[in-house]
Amino acid sequence: MSALFQNTLYVVNYINAILYGIELMIYFMLIRQITLIRRRTTMDKFYVVFSTVLLILNTIYWTTQAYFGQQMWIVHSDYPGGMDAFLNEYVAVWYQTWGSAAVMTSNLMSDALMIYRLYVIWGYLYIVIFPVSIWFASLGACIGLLYESGRPNGNYFAGIATEFGTTWNSLTFSFNVIVTTLICGRIIYIGRRCAFSDEGRRAYTGAVAIVIESALPFTIGSMTYVITYGIGSDVAVGFSCYSMFSAISPMLIALRVLTRRAWRKEQVSGFLTTINFSASRSQNTLAQGHHKAEFDIEGRAESSPAFNPAASLQVNLDCTA
């Protein structure tokens, strides 16, 4: 590995530490919010448990990465062959595989939650069929990547493992782009068709709502990582910090749910009913106006001498006489 890779790996550990601190802050906000709710629903409890599991998984991932860096740069700084030799020798150590499994599980859980949120916002089962198929393909790629990178003499950054890694990251990126686009489009569509107050517009169709509900930071981060990882750049590991958003983004959604500012299925159904009713009323009004216009024209035509058959006949008789 080059010096650029070593420096990038060193820096990304600090970035992950900062993001982990943000994650802890969001989690404590979740716990505080759930204690303020008197009537807790089943989904409220589910989101708290879900966020707790994500926190544990990301804790495993971050601590194993930090510990591996400590072993490589400090404890075994005098390793024969230098840091590159140590990295090649111990890249498949058990706790590294454990950390990789933790972040992959966190990623899959986050994607599963996004599938559910997509269904909530759209309200149709057919809309999640394609994302679900991508999710299962990602699961298969994760299993292959874990096996190839965790077996003896395996390497996450070399060999067949990179092919599984590229496949997994590409599927994750594709999944996030599709789901993010569908969620953003749906929110913008409902926001333009329904009349909201200023507070409601900011809460449900504003920029913050779109960014959080669609997990946009996670999508952008996965895009940069997939591009750099696919071309084999040494700076790709620097963008692996996007994996921390596999817990941050779902926690932000959970926080919006607990503060009663997130989109709910009943709410979307109500908005769609309003939109359909407004559209039907507009069509009825337009049709009534059209019929009224025709009646007015016919009325004017019948009352006009130029269109009165009897008057026309009288004029013809007079002319003939």
Side-chain angles (χ1 to χ4, degrees), residues 16 18-34 37 40-62 99-122 128 131-132 134-136 138-139 142 168-169 171-184 186-187 203-204 207-223 225 240-265 268:
N16 286 339
I18 295 172
L19 293 176
Y20 183 73
I22 295 174
E23 184 179 333
L24 285 176
M25 180 185 66
I26 298 172
Y27 180 77
F28 288 134
M29 292 173 65
L30 276 170
I31 299 301
R32 178 180 178 274
Q33 187 62 35
I34 194 67
I37 300 176
R40 303 183 185 96
T41 64
T42 302
M43 289 305 298
D44 293 338
K45 299 175 183 178
F46 167 78
Y47 276 111
V48 172
V49 174
F50 189 86
S51 299
T52 303
V53 174
L54 288 179
L55 178 65
I56 294 173
L57 291 173
N58 263 27
T59 301
I60 295 173
Y61 169 70
W62 177 69
S100 298
V103 73
M104 289 178 189
T105 304
S106 175
N107 198 328
L108 290 170
M109 289 178 60
S110 175
D111 289 348
L113 178 64
M114 292 306 298
I115 291 175
Y116 172 72
R117 296 299 300 171
L118 178 65
Y119 168 70
V120 167
I121 293 175
W122 275 83
V128 302
V132 168
I134 297 179
W135 188 90
F136 279 106
S138 299
L139 176 62
C142 285
W168 171 54
N169 287 293
L171 288 170
T172 300
F173 170 65
S174 301
F175 174 92
N176 288 315
V177 167
I178 293 172
V179 173
T180 297
T181 302
L182 289 173
I183 292 177
C184 289
R186 190 64 163 176
I187 292 176
Y204 295 107
V208 175
I210 293 175
V211 169
I212 295 178
E213 291 283 354
S214 63
L216 190 60
F218 184 70
T219 302
I220 296 175
S222 63
M223 177 184 66
Y225 181 74
S240 64
C241 59
Y242 89 92
S243 58
M244 300 297 292
F245 283 97
S246 63
I248 293 176
S249 292
M251 283 186 181
L252 289 174
I253 294 175
L255 185 60
R256 283 180 61 86
V257 171
L258 295 179
T259 55
R260 303 299 187 257
R261 299 173 68 88
W263 287 86
R264 300 185 302 275
K265 187 177 179 181
V268 175

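Nothing fancy with the numbering, it's 1 onward along the sequence.
The stretch residues 244-253 participates, sequence neighbours left out, in no salt bridge (Lys or Arg N to Asp or Glu O under 4.0 Å) pair at all. For the salt bridge (Lys or Arg N to Asp or Glu O under 4.0 Å) condition, the pairs that include at least one residue of residues 43-53, sequence neighbours left out, are D44-R260.
Using a 4.5 Å heavy-atom cutoff, the side chains of M114 and I253 are in contact. Looking at T259 and M29, their side chains never come closer than 4.5 Å, going by heavy atoms from C-beta outward. At least one side-chain heavy atom of N16 sits under 4.5 Å from a side-chain heavy atom of Y61. Proximity of T59 to Y20: side-chain heavy atoms (C-beta onward) are separated by under 4.5 Å at one or more points. With a 4.5 Å cut-off on side-chain heavy atoms, D111 and I115 do not count as touching. Between I183 and V179 there is a side-chain heavy-atom pair separated by less than 4.5 Å. Side-chain contact check for L252 versus F245: every heavy-atom pair is 4.5 Å or farther apart.
Here S51 pairs with Y27, L30, M251, A254 under the side-chain contact (heavy atoms from CB on, under 4.5 Å) rule; sequence neighbours left out. Legend: residues meeting side chain to side chain donor-acceptor pair (under 3.5 Å) with S246, ordered by chain and number and at least two apart, are S106. Legend: residues meeting side chain to side chain donor-acceptor pair (under 3.5 Å) with N169, ordered by chain and number and at least two apart, are Y242. Residues satisfying the side chain to side chain donor-acceptor pair (under 3.5 Å) test with Q33, not counting sequence neighbours, are none.
Here CG of L54 is found 10.5 Å from CG of N107. Values are rounded to the nearest 0.5 Å. Taking CG of N176 as the reference point, atom OG1 of T181 lies at 10.0 Å (rounded to 0.5 Å). Rounding to the nearest 0.5 Å places OG1 of T105 at 12.5 Å from CD1 of I56. Atom CD1 of I26 sits about 13.0 Å away from atom CD1 of I31, to the nearest 0.5 Å. Atoms CG and CD1, on L255 and I34 in that order, are 11.0 Å from each other to the nearest 0.5 Å. Rounding to the nearest 0.5 Å places CD1 of I248 at 5.5 Å from CD1 of I22.
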Q: Determine, step by step, whether V48 and L258 satisfy the side chain to side chain contact (heavy atoms under 4.5 Å, CB included) criterion, reporting the C-alpha distance in whole Å, the side-chain angles of both residues, the deciding distance to 0.1 Å, and the verdict.
A: CA-CA 9 Å; V48 172; L258 295 179; 4.2 Å; yes
(Q) Would T172 and S222 count as a side chain to side chain donor-acceptor pair (under 3.5 Å) here? Give the steps. (A) CA-CA 7 Å; T172 300; S222 63; over 6 Å; no
(Q) Between I18 and M244, is the side chain to side chain contact (heavy atoms under 4.5 Å, CB included) condition met? List the steps. (A) CA-CA 10 Å; I18 295 172; M244 300 297 292; over 6 Å; no
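Smallest separation of non-hydrogen atoms from W135 and L108: NE1-O, 2.9 Å. Taking each heavy atom of L113 and P250 in turn, the nearest pair found is CD2-CB, 3.6 Å. Looking at every heavy atom in both residues, F218 comes nearest to S249 through CB-OG, 3.9 Å. For the residue pair S138 and L171, the shortest heavy atom distance occurs at OG-CB, 3.4 Å. Shortest non-hydrogen contact noted between S240 and Y225 is N-CD1, 3.6 Å.
Of the possible polar contacts, one joining the W122 side chain to the L182 backbone as a donor-acceptor pair under 3.5 Å is found. Checked by atom type and distance alone, the side chain of T180 never pairs as donor or acceptor with a backbone atom of V177 at under 3.5 Å.
Other residues, nucleotides and ligands contribute over 12 non-hydrogen atoms within 6.0 Å of the CZ atom of R40. The 12-atom threshold is exceeded at CE of M109, counting heavy atoms of other residues, nucleotides or ligands nearer than 6.0 Å.
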